[in-house]
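What follows is a set of notes on a single structure, which appears directly below.
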Amino acid sequence: MNSISSEKQVLGLPVLIATIVLGLADLAFLLMTSSRDPGIVPRNARPPESCGGGDEEGVAGDVTTPSAEWVTAASPHLRLPRSKDVVVNGCVVKVKYCDTCLLYRPPRASHCSICNNCVRKFDHHCPWVGQCIGLRNYRFFFLFISTSTLLCVYVFVVSWLNIVAHKDGNGGSLLKSMAGEPLSVVLIVYTFVSVWFVGGLTVFHLYLMSTNQTTYENFRYRYDKKENPYNRGALSNIAEVFCAGIPPSMNNFRSWVAPPPLEEPDDVGGQLPPRNGADLTGGVKEKVDLEMGRNGGIIPAILRGLDYDEMEKNDVSVHIKDRGAAPAAPDPFMAGRWHNEDCESTPTAVSHHVNSERL
């Protein structure tokens with residue numbers, strides 16, 4: 001009996017070590033996925049220059065539809081094409097202008113509505129990881145979900161082996177063995193449910209990786225109906241994910257951010273210069289609302305030269321004169337009301353008035 005128990009303990013140690021290694025690897029890939037820059041494209045402080053004059057000819061070759069010109073909200077005086085055409089591997093690919101980041105997105109980039117950033121080779125925003133999945137962390141995301149799948153399968157198989165190992169000690173009954181090992185039963189049910197999620201996700205991303213697609217492109221563009229300019233074969237596509245070097249981040253998150261410069265008022269009119277070249281006099285959104293304080297501190301020049309102290313003194317003197325003036329004519333609609341109230345409050349006055357009329 002001692003030899004059998006010692007043999008079971010030795011066999012249990014490798015299982016424990018393998019479980020710990022898989023669990024730590026899974027957590028490490030999760031940390032690398034969530035903490036790494038997914039490929040955020042830095043924003044521009046100002047929109048690109050207007051496509052006017054000679055510059056317009058340089059851009060016109062990339063624009064497919066002239067009607068695509070539009071006015072940005074940040075700069076109403078600029079007319080920018082909504083999209084431009086660029087050539088990738090001999091195929092024409094559209095790149096769109098991002099009104100939030102004030103730039104033309106690189107190919108395969110998209111703006112994440114949750115992170116509010118443009119991300120290169122945007123795949124999706126993972127709520128379980130709390131991070132966008134893009135060019136710089138897709139490799140670790142796939143390793144995370146594949147390791148999670150492997151860990152679920154491993155725990156599922158080992159839990160069943162543990163129940164079967166105790167079957168002989170329970171008279172050969174599998175149900176009695178399961179009743180004697182409730183923890184193994186819980187792990188079997190938990191891993192069986194979980195493996196459908198992480199396993200299905202792993203298989204789906206294995207297909208995307210072999211065809212060099214992203215989740216966003218698969219649901220948005222459907223490359224199966226047209227040519228994929230990034231597909232170079234299954235092996236080359238997989239090698240691109242795992243063997244290609246990760247490009248450096250375009251952001252320096254440890255750098256000091258300088259505060260925006262204070263805007264000085266102009267000499268003419270005392271108004272502040274408009275931000276991002278926007279014209280404050282045009283459009284309904286830019287109207288000045290002094291009453292509600294939506295002006296941002298801009299006071300029209302016609303109101304800046306008024307003497308408010310003198311106006312207040314004149315207003316007080318007018319009120320004093322009004323008090324000494326003759327009372328205003330009574331309101332005909334209120335006369336009957338006040339008369340009735342006076343009569344009810346002073347009954348002697350009513351009787352005196354009636355007696356005087358009789359006389």
Side-chain angles (χ1 to χ4, degrees), residues 37-127 131-138 141 205 208-209 211-232 237 240-241 246-251 275-278 283 285:
D37 174 19
I40 298 175
V41 181
R43 299 187 181 189
N44 286 335
R46 303 188 178 194
E49 295 296 330
S50 174
C51 302
D55 295 337
E56 186 174 1
E57 297 179 359
V59 179
D62 297 332
V63 180
T64 55
T65 55
S67 61
E69 287 191 338
W70 62 303
V71 179
T72 64
S75 51
H77 68 285
L78 291 180
R79 298 183 61 84
L80 299 171
R82 181 178 290 273
S83 63
K84 292 163 52 175
D85 290 347
V86 296
V87 179
V88 177
N89 297 329
C91 298
V92 178
V93 178
K94 283 186 179 297
V95 293
K96 296 182 179 179
Y97 179 80
C98 180
D99 192 25
T100 303
C101 300
L102 303 178
L103 51 83
Y104 284 98
R105 302 168 189 160
R108 311 192 81 176
S110 182
H111 190 89
C112 177
S113 59
I114 300 175
C115 295
N116 200 23
N117 286 312
C118 284
V119 180
R120 291 184 292 171
K121 200 180 178 182
F122 175 77
D123 190 88
H124 70 287
H125 183 92
C126 182
Q131 176 71 290
C132 278
I133 308 302
L135 177 64
R136 301 188 70 252
N137 63 348
Y138 181 80
F141 171 75
H205 278 278
L208 293 179
M209 207 167 33
T211 56
N212 206 335
Q213 298 183 63
T214 63
T215 304
Y216 181 79
E217 291 171 348
N218 181 262
F219 284 94
R220 185 73 180 268
Y221 300 114
R222 291 289 181 182
Y223 280 135
D224 53 353
K225 297 180 180 179
K226 58 182 180 179
E227 184 181 0
N228 182 2
Y230 308 102
N231 189 3
R232 300 184 298 173
N237 294 334
E240 180 182 341
V241 174
I246 299 177
S249 175
M250 301 176 68
N251 303 274
R275 296 183 179 180
N276 295 333
K285 294 182 180 179

Rounded to the nearest 0.5 Å, what separates atom [atom1] in [X] from atom [atom2] in [Y]?
X	Y	atom1	atom2	value
C115	H125	SG	NE2	4.5 Å
R136	D37	CZ	CG	5.0 Å
Y97	S83	OH	OG	13.5 Å
M209	Y138	CE	OH	5.5 Å
C112	Y216	SG	OH	11.0 Å
N237	Q213	CG	CD	9.5 Å

Beyond-backbone contact of [X] with [Y], side-chain heavy atoms, under 4.5 angstrom:
X	Y	result
V86	P107	yes
V41	L103	yes
E240	R232	yes
N44	C101	no
P38	L135	no

So which atom in C126 and which in I133 form the shortest heavy-atom distance, rounded to 0.1 Å? CB-CG1, 4.1 Å
Please determine which of T215, T214, N218 meets the side-chain hydrogen bond (donor to acceptor under 3.5 Å, both in side chains) test together with D123. T215
If you apply the rule side chain to side chain contact (heavy atoms under 4.5 Å, CB included), what do you find for I40 with R120, and how did you get there? CA-CA 6 Å; I40 298 175; R120 291 184 292 171; over 6 Å; no
Centre-to-centre under 6.0 Å for F219 and H124, is that the case here? no
Please collect all side chain to side chain donor-acceptor pair (under 3.5 Å) contacts where either partner lies in residues 105-117, sequence neighbours excluded, each pair once.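 Listed by first then second residue: R108-N212, R108-E217, H111-N116.
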Answer yes or no for K96 and Y104: cation-pi contact, defined as NZ/CZ to six-membered ring centre under 6.0 Å and angle to ring axis within 45°.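 Not satisfied by the 6.0 Å and 45° rule.
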Which residues pass the side chain to side chain contact (heavy atoms under 4.5 Å, CB included) test with P42, not counting sequence neighbours? M250, N251
